[in-house]
Each structure stands twice: as structure tokens, then as C-alpha cells.
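Structure record follows, encoded as C-alpha cells.
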Amino acid sequence: MKEYDHKEIEKKWKNKWIEDKLYETPQKKEGAENFYTLVEFPYPSGNLHIGHWYAFAIPDIYARFMRMQGKNVLYPIGFDSFGLPAENAAIKHGLDPKKWTYGNIDYMKMQLQSMGTMFDWSRELRTSDPKYYKWTQWIFTKMFEKGLAYKAETTVNWCSSCKTVLANEQVVDGKCERCGTEIEKRKQKQWMLKITDYAERLLNDLDDLDWPEQIKEQQRNWIGRSEGSLINFITEDTIENISVFTTRADTLFGVTYLVVAPEHELIDSALSENKSRIKNKEEVRKYVQKSIKKSELERQANQKEKTGVLLEGITAINPANNMEIPVFVSDYVLGGYGTGAVMAVPAHDQRDFEFAEKFNLPVVQVIAPIFVDKDNPPLEGKDISPRRNVQVIVKHPTEDRIIQIQWKQQPWKTFVIGGVEEGESYEDAVLREVQEETGYKNVGKIERIGWQMESRFYVAHKDVNRKAFSQVFYIELRDLEKDEITQEEKGLHDVVWVPIDNFRDFNPVSELPHIQEFFSVERHAYTGEGILINSGEFDGSLSTEVQKSITEKVNGNLKTTFKLRDWSIGRQRYWGTPIPIVFDPDGKPHAVPEEHLPWILPEDVDFTPTGKAPLDKSEMLKKNTEDIFGKGWTPEVETMDTFIDSSWYFLRYIDVHNKESISSLEAQKAWMPVGQYFGGSEHTTLHLLYSRFLQKVLFDIGAVAEMEPFRKRINRGLIMGPDGQKMSKSKGNVVDPDAMVEKVGADVVRMYLAFIGPYGEAGSYPWDMGGIAGIRRFLERLCGLEAYIEKEGVSERVEKELHKMLKKVTSDMSEFKFNTAISAMMIFLNHVEKTKSLTKEQYQMTLKILAPFAPYLAEELWSKVVAGSESIHVQSWPKYDHEKIMDAETTIAVQVDGKMRGTIRVPVGSTEGDVVQKIKETEEIFRWISASYELKKFIPDRLVSFATDTKV
RNA sequence: GGGCCAAUGGCGGAAUUGGUAUACGCGCAACACUUAAAAUGUUGUCCGCAACGCGGAUGAGGGUUCGAUUCCCUCUUGGCCCACCA
């Protein structure tokens with residue numbers, strides 16, 4: 001056994017590779033196609049955790065593989081080096097954010113290099129470098145010129161601890177994503193980017209992307225396109241119309257009130273103007289102020305309990321039926337979505353339903369669910385006989401029992417059930433049917449249960465299809481006094497008392513949700529589809545088909561709305577890209593002209609958070625502004641959200657020293673779009689969407705030639721602690737990569753992470769100390785292979801296994817299944833050790849396959865066996881030989897009636913006849929096949945399947 | 001509440017995409033080497049039984065099929081994302 005001294009090997013090759021500039025990627029390489037492999041760059045937090053290894057070292061395996069496949073592979077790295085932690089270090093420990101950040105970078109660079117990655121460090125970038133942020137600012141000024149960057153009064157998320165504004169995406173569970181402090185709502189003038197202008201394109205262009213469907217779907221949901229109608233409700237005084245957005249115009253006849261958000265403009269004007277008709281101004285003002293100040297968390301915590309205030313003095317007209325309806329203000333309506341006002345349909349919207357119950361508002365059903373009886377479905381070609389009927393749940397006066405009607409001619413168990421006669425009310429029909437069918441006559445209050453519905457079923461004894469409008473009622477008997485029922489009724493059914501919980505035995509109607517709800521004492525709105533009722537000329541139409549016609553009838557407009565909101569990007573912070581805007585003496589904003597970019601981040605600032613931006617105190621910035629633009633001009637003092645920095649960094653790597661543009665079109669032509677982008681799933685709706693947005697903006701101004709930045713995308717999984725929990729210092733389950741590398745070597749850590757599970761599925765994998773020992777053993781055994789070379793002669797078997805392995809590894813790597821690729825290598829090693837036979841060529845090929853996984857060890861062993869050779873990492877990937885994999889004989893599985901009954905060995909390419917003949921000769925298999933059998937399937941060289949079942 | 005995804009031995013996971021379920025690794029057990037342990041090696045390791053055989057098993061139940069971990073339906077559990085989005 002040869003010694004595997006990982007420390008020695010790693011030290012040796014790390015330096016050699018740097019000396020030889022092994023990983024510097026030229027813009028073009030003779031005879032090689034360019035391939036851009038990208039991984040999300042890190043924030044320089046101080047040191048690498050095991051997640052970083054998973055993020056960078058595994059894509060490195062892929063990058064190396066592509067390089068050996070003959071591609072000119074770009075695998076760049078940089079640092080997302082602006083951001084809050086640097087500033088927090090400054091505030092807490094009085095450190096210079098720049099020094100703190102750059103010190104961290106130096107250390108992390110060393111760690112990254114220890115991984116054995118093929119990063120091209122000559123292209124390293126840092127977003128806090130003026131040479132970089134000059135172009136971030138340039139992009140901003142272009143957006144400003146196009147009206148895509150604007151300052152607007154909005155309600156913002158304010159973190160009182162970080163003393164800054166956060167984007168919606170940075171608020172998690174109503175708390176600050178960074179520090180966990182509860183978020184308050186504040187109104188503030190705020191720089192915004194108009195991503196909503198691009199919503200449609202961001203959505204549509206997803207279709208053509210070669211990304212996992214899951215990721216695309218998540219972005220689609222985030223963009224949240226919905227098609228609905230804008231409908232105008234005229235208020236009594238006709239001055240203040242209220243426009244609402246709805247996706248359920250079909251329920252318009254069921255609107256019994258309107259609700260506006262606390263932020264709605266109607267409230268603003270009504271409270272300020274004297275002529276407003278609102279009578280309870282004080283009450284409204286108090287409610288609105290309270291709810292706007294309410295934190296996100298409170299708003300969510302109060303989800304169950306609806307609150308609101310009636311706007312006294314204002315009524316609106318339902319344009320569908322001219323009914324007068326009240327108007328409320330409530331915070332269950334969002335100011336920022338749609339028009340900030342909703343039409344409330346309590347019968348068919350759960351939130352409206354809850355609100356109506358609390359405020360005692362009328363509930364009008366306009367959609368009737370359609371119930372098709374599965375046991376007695378309508379038969380085609382039969383007449384349809386429409387009918388109204390009632391179903392009555394009759395409760396025993398003292399016991400928890402209800403009446404079940406057991407039919408004699410049909411296999412039915414039902415409630416009391418019967419038709420409503422012409423001119424008869426539902427309630428009268430209930431009393432009559434109960435008396436006719438059961439004889440009981442002293443009943444309590446009649447209660448309607450759930451919604452009217454349309455049932456469709458076939459009535460066998462009348463040979464018609466019934467389409468019945470039915471309503472369920474509940475009554476409690478006052479006593480058991482009853483009249484004798486008629487002989488005719490007696491002949492039809494028995495009346496039986498059954499326990500209340502047996503309601504599921506009732507068929508078919510008890511399957512209906514609202515019956516079930518009744519018994520579980522929950523009440524819900526009916527939000528599904530159905531047939532329109534109480535809707536004038538639309539009665540009888542299908543709810544899914546009337547949105548357009550109802551909208552047109554009331555002069556509404558069809559309208560598309562998005563959930564996506566504009567991106568708020570201003571930060572009252574220091575350590576970020578300064579917003580390159582100056583204000584003239586009238587306060588009008590102007591972009592800093594390109595010749596003055598980069599608009600430098602001044603260094604004479606005080607970091608103590610005050611709620612005002614630190615740059616506000618920079619004399620240097622003020623002076624610089626006046627010097628350039630003149631007296632009375634003032635600078636913008638906010639910095640940008642760091643997500644902007646990272647929304648275009650991939651365009652910089654490809655031409656990192658360009659002084660004329662973000663990157664030349666020539667460089668873009670060489671590299672863009674990114675061929676493979678690896679990252680974390682947490683960036684699906686943030687970074688990934690923002691990058692696509694900026695790319696499209698840049699495309700529109702001609703700065704880039706591609707409309708989409710990333711051709712392919714893979715979201716990696718999560719590495720958990722050995723206990724299966726998320727790693728955290730407080731749980732004490734953190735795995736320190738540096739210590740692991742020290743102990744077992746970088747190659748082992750890389751390879752173990754690759755072996756832990758498939759890379760392209762965002763699962764979570766626990767770190768297993770035993771597992772990593774297994775990989776270490778594997779590499780140690782590989783070190784021992786050299787001893788077998790040319791010792792035992794040539795084994796055909798080993799040659800075949802080698803090519804099989806090569807084939808498997810090659811295809812697995814293309815699909816990011818590094819785990820099974822490694823498993824194939826292990827299987828091969830097991831074969832070699834068994835036969836102890838290996839040629840020099842076979843050994844070299846094995847090392848090449850190992851090279852992307854364990855770059856240090858492969859290089860070391862390679863240098864020993866191929867004297868004076870170039871690095872193994874510039875060798876080309878071996879090709880497998882199909883001929884060598886071919887077997888002369890193959891194993892065929894024999895199935896009988898779907899069960900495995902044995903295998904036979906036959907020459908490759910045997911015909912069906914040969915195989916059957918062989919089976920007939922094989923007693924232990926043939927005994928399963930009775931005299932009469934049928935050959936169901938013959939797959940050459942694989943399987944044969946028989947059926948003996950004569951029924952088939 | 002909505003969307004997406006998953007569920008296979010004691011554990012991480014394989015399975016040619018509808019064709020021999022449990023590859024590979026870990027763990028465990030026995031044995032060898034050793035004074036002993038570690039390391040290493042060899043063998044075994046889904047479950048049941050009247051055990052060289054047969055039956056059962058891929059979260060549960062049903063369906064399609066000669067054949068289902070794979071496709072379809074219902075349900076259960078778990079994960080991720082979103083969430084009073086009209």
C-alpha cells in the first residue's frame with residue numbers, strides 16, 4: 001500500500017498550477033468552443049463554510065470535465081463585496097468597512113484556492129471596486145434616463161434595528177431577513193426600479209429557457225399574472241367612483257358591499273376635504289392610521305380576525321343589479337395590488353365571507369355548485385327533467401340521531417328528500433316532505449345548510465336524467481308525536497334513526513363538501529365553479545364562461561394584473577454603490593454624467609446609524625457636487641441595494657478590464673449567454689429574476705446582444721449537519737471545512753460532497769463522518785493501483801469494465817449525477833483489485849477520469865507514471881470503445897405472469913425462437929409455464945415475458 | 001389557503017426512464033491478521049416461513065399493463081417557496 005500524503009501533494013501542485021498559469025482562460029482558443037460555467041459569487045463574510053465547498057467545488061468538477069472534453073471553459077470567481085455586515089462591523093467594532101471586507105477577501109481567496117478549483121483568478125472582480133461600480137452606476141443612469149428609475153412616495157418596510165429600508169423580498173415572516181427585527185411600515189420617498197414594465201416579457205421569455213420546470217414555475221408564480229376585470233362602482237354622490245379589480249366577474253350579482261384598503265386614495269381625499277360625505281371621519285382616521293402603522297407581523301397574526309370600519313354616508317351602486325351597497329375600509333385589502341379596492345362577494349370568497357359574518361352583512365349566493373352523482377350518472381340520450389328539491393336532515397328531539405330513509409326499490413340511503421312543487425316555497429316543501437315520509441309533525445326552526453346546488457343524476461324508476469336544484473335543511477324535532485304515514489310511502493322506504501356520525505353512509509349527497517362542513521361545524525364560502533343563479537339574464541350560465549359578458553354589460557374593462565411590484569432599491573446605508581444622482585437648486589434630480597463616473601463613495605463618514613443615510617454627513621461629497629455642478633446643487637445620499645451589483649456581474653467577468661463599457665459586444669459574443677449557472681434555490685425569485693430584468697434593460701439600450709443571461713440553471717441542495725439539522729453555531733453541528741481538509745485532504749472533501757447525492761436536485765444531505773472515511777479509503781486504494789501495473793498480464797475483463805465505467809461516468813457527469821459516476825469508479829476499482837491486473841494505458845485512463853474529482857491526487861499519480869508530461873488537467877477526456885463493452889453472451893430475464901422465474905444465458909442477438917427453445921430446455925423455468933401459454937413480450941438480449949392465464 | 005416537490009433497507013442513495021428492486025458507500029455481524037486494540041482483508045447483511053424452496057415488500061389504497069419504484073386517480077406524511085394577491 002502506497003502512502004497518500006494529501007498535505008504534501010496539495011502544497012506541491014497548488015503552487016505549480018499557479019506558476020504554470022494553468023487556469024487562465026483565453027478569450028478564444030484554437031479549435032475549442034467557448035463554454036461559460038458560472039457559480040454565484042460569495043459575499044466575503046470572513047471564511048468559507050461547508051456550503052461554499054458544495055457551491056464551488058462541485059461545479060468545478062463539471063467545469064474540469066467540460067475542459068477535458070475540449071471546451072475552452074471559463075470558470076470565474078469574484079466577491080459580492082458591498083453589504084450590510086461590513087457596515088455592522090464598522091458600527092460595532094469601529095473597523096473600516098473597506099479594510100474589514102478586503103481582509104476577509106484575502107483570507108477567503110486562500111481558502112478557495114485550497115479547494116483545488118480551476119478558477120481563473122486573473123478575472124477576479126469585486127463589486128465594491130470603483131472600476132466595477134462605475135458600471136453599476138452607469139446602468140442606473142441609463143435606467144434613470146429611460147424613466148425606469150424613479151423616486152416615489154411609497155410605503156416601505158423599515159427595519160428599526162438596521163435603520164434602513166428593505167425590499168419586500170428581504171422581509172421574511174414580517175421580520176428583517178438579516179437581523180430578525182420586526183418590520184414597521186413607513187411612508188418614504190424611495191428610489192424604485194420599474195421592473196413591472198418588464199413583467200410580461202419576464203414571464204413570456206421563461207417558456208424558451210432550458211431551466212428546470214420547477215424554477216420557471218416559481219418565477220411565474222412570483223410574477224403572478226392574473227387576468228380579470230376592472231369594474232367601476234358609482235358611489236352615491238357620483239364624484240368618488242370606486243374601481244375594483246376582480247378575477248371573478250361572474251360573481252358580480254353577489255356583491256353586497258365594497259372594501260377599500262387603508263391606503264386607498266378615496267380615504268385620503270375623504271379625510272382631508274370638507275365636502276366629503278363621510279360622517280364618521282374620526283373613527284375612519286383612527287382605523288387607517290392604526291393599520292398603516294401595523295407591522296407586517298401583526299397584520300399576519302390577525303389573519304383570522306377581520307377588522308374594518310363602515311364609511312358612513314357613502315354608498316355605492318352594484319352596476320349589475322343597481323342595488324345600493326355599503327363601503328368599508330379594512331386592512332384585509334392590500335393597497336399595493338390591483339386598485340386597492342375589492343368588491344366583496346361573501347358567498348364565494350372566504351375572506352369576504354368572514355368579514356360579512358363579523359359585520360352581519362347579507363350573503364347572496366350566485367353560483368351553484370354542480371354535483372354529478374358518480375353512482376347514478378346521467379345517461380346519454382335520456383330526457384333531462386329539471387326540478388327543485390329539498391333534502392332535510394331531521395334530528396331526534398333528545399338523542400344524537402338523525403333520520404335515514406332506506407329505499408326499498410333502490411340501493412339508496414338518503415335524508416328526507418323530495419321535490420318542491422310549483423309555487424311552493426322551499427320551507428313549505430320541507431314541512432310537507434317530513435310529514436309525508438316520516439309522519440313527524442312538530443318541528444323546530446328550519447335552518448338552511450350550505451349552498452343551493454345543482455345535482456345531476458339518472459333516476460332509474462322514472463328513466464330520466466334529473467337536473468335538480470336542491471337545498472339542504474336541518475330541523476330538530478320537538479317531540480316524537482307523529483301521524484300514520486300512507487301505505488304507498490311505507491312501500492317505498494323505511495325510516496331509520498342512525499347516529500349522527502354515520503352521515504357518510506348517506507348516498508349520494510353526503511359526499512358533498514357543504515354537508516360534511518355542516519357536520520364538522522365549519523362554515524365556508526363556496527369558491528368553486530358552477531351555475532349562475534340570482535343573476536338576472538345570466539341565470540343558468542356556467543360561471544367560467546361569463547367573465548367577459550358580465551364585464552361588458554357593466555362597462556368594465558378586461559385587465560391583466562401582476563403580483564410583481566416595482567423594486568425599491570434605495571438604502572440609507574454607507575457600504576454600497578452610491579446612487580449617481582444630484583439635485584439642482586429646485587430639487588430636481590439629474591443623473592451624474594458618464595464622464596464623472598465612478599461617482600466615488602466618500603470616506604469621510606460617521607457610521608452611527610441615525611435613520612439618515614451616512615453619506616448625508618460627508619463634506620467631501622457635498623463639496624464635490626458643488627464643484628462640479630455649481631452652488632446649491634446637492635448629492636443623493638442613498639446607496640443601492642446590493643442585488644443590483646450582483647444582477648450584472650456575469651457580464652463583467654468576460655471582459656473584466658474593459659474601460660469603455662460593461663463588456664464589449666465581442667466578448668459577449670464569445671461567452672454569453674452563460675452556458676451553465678449553478679446556484680442556490682433561495683435566489684430563484686430574487687437574484688435570478690433581477691438579473692433577467694437588467695439583461696433585458698441592457699438589451700433594449702443596445703448594451704448587450706442577448707435577451708436572456710443564463711442558458712441553463714441548476715439549483716443545488718443543502719448540506720446539513722451530521723444530526724440532519726441545518727448547521728448552526730448554536731446547535732454545535734457545524735462542520736469546519738478547513739479542519740476536514742487538514743485531516744483528509746481537499747480531494748476527499750470534494751469527492752465526498754459529490755458522492756452525497758445528485759447535484760441537480762435541491763434536496764438536503766446530512767454530513768456523514770463515516771461516509772467521508774469511505775471516500776478517503778477509496779482514494780487510498782487508488783494509490784495502491786500502481787503496484788498492479790503489468791504484473792498479472794492483460795485481463796480482457798478489466799478492459800471491458802474500464803470502458804463500461806468510462807461510458808457511465810461520461811453520461812452521468814453531463815447530467816450532474818456525480819454520485820453515480822463515483823460509484824461506477826468504485827465498481828471498476830473493485831474489479832481491478834480482484835484480478836490484480838492492470839495495464840499502463842488502463843491506469844492512465846483511470847487517472848484521467850479521476851482528474852476532475854480529485855485534481856491533486858490525479859495530478860500527482862499522473863506525474864509519476866507519465867514522466868515529463870503536461871498536466872493531467874489539459875489532457876483530453878478518454879472516449880469509450882463500444883466494441884469493448886459488447887458481451888458475447890447476455891442474461892435474459894424470464895417472467896411468467898409478471899413474476900420473475902429465472903434467467904438464462906444466451907448469445908447476444910439470439911432470436912425469439914432460440915430463446916424460447918432454450919427456456920423449454922431449462923426445467924426449473926419451464927415448469928412454471930403450463931401447456932398453454934402466450935408469449936407476451938420479447939425484448940432482445942433483455943427479457944421475455946409469458947402469460948399462462950387463459951382468461952387473457 | 002395557493003404553488004412546487006418528495007416518500008425505496010438501520011442511514012445517504014441506485015435502478016438502462018414501463019422490463020431481473022435495493023447498485024455504490026456508510027453502518028452492523030462473523031472470521032482472519034494481532035498479546036490486545038486500531039488499521040487492513042475476507043464473507044455476510046430487505047422481511048416472513050415447516051428455509052438449496054416459496055411468499056411478501058419501493059408511504060397507504062385503487063386503476064391501466066403480460067409486467068409499475070417508474071404512468072393515472074384518491075389519501076397520508078414530510079420539505080421548499082409564496083401567502084388576506086380579490
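Predicted model only: the values in this text are computed from it and were never measured.
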**Prompt:** Which word best sums up how the rings of A:H6 and A:Y4 line up, parallel for under 30°, tilted for 30 to 60°, or perpendicular for over 60°?
**Reply:** perpendicular
For the base of B:U40, is there a side-chain donor-acceptor partner from A:R777 under 3.5 Å away? no
message = Please tell me if A:K817 has a side-chain N or O lying less than 4.0 Å from either OP1 or OP2 of B:A15.
response = yes
Next on the checklist: With hydrogens left out and only the distance checked, is there a donor-acceptor pair under 3.5 Å joining A:K306's side chain and the base of B:C84?
Outcome noted: yes
So, A:R220 and A:E217, do they make that salt bridge, N to O below 4.0 Å? yes
Checklist entry - Hey, what's the ring geometry for A:Y765 with A:Y54, parallel, tilted or perpendicular (30° and 60° as the breaks)? => result perpendicular
inquiry  = Taking any heavy-atom pair under 4.0 Å as a contact, classify A:R901: base, sugar-phosphate, or nothing.
reply    = sugar-phosphate
- Task: For A:I827, report the nucleic acid contact type (base, sugar-phosphate, nothing); a contact means any heavy atom under 4.0 Å.
- Result: sugar-phosphate
Parsed dot-bracket for RNA chain B after applying the Watson-Crick and G-U rules with both distances under 3.5 Å and | for other-strand partners is (((((((..(((......[....)))((((((.......))))))((((...))))..(((((..]....))))))))))))....
Mutual orientation of the aromatic rings belonging to A:Y690 and A:W567 [parallel < 30°, tilted 30-60°, perpendicular > 60°] = parallel
Practice item. Measure distances between side-chain N and O atoms of A:Q350 and base N and O atoms of B:G1, and say whether any donor-acceptor pair falls under 3.5 Å. Key: no
P-based separation of B:A68 from B:G19 [nearest Å]: 11 Å
Close side-chain approach of A:F328 to A:V260, heavy-atom, < 4.5 Å | no
Between the CD1 atom in A:I242 and the OG1 atom in A:T339, the distance rounded to the nearest 0.5 Å is 9.0 Å
Side-chain atoms of A:V342 come closest, of B:C66, B:A86, B:G13, to B:A86
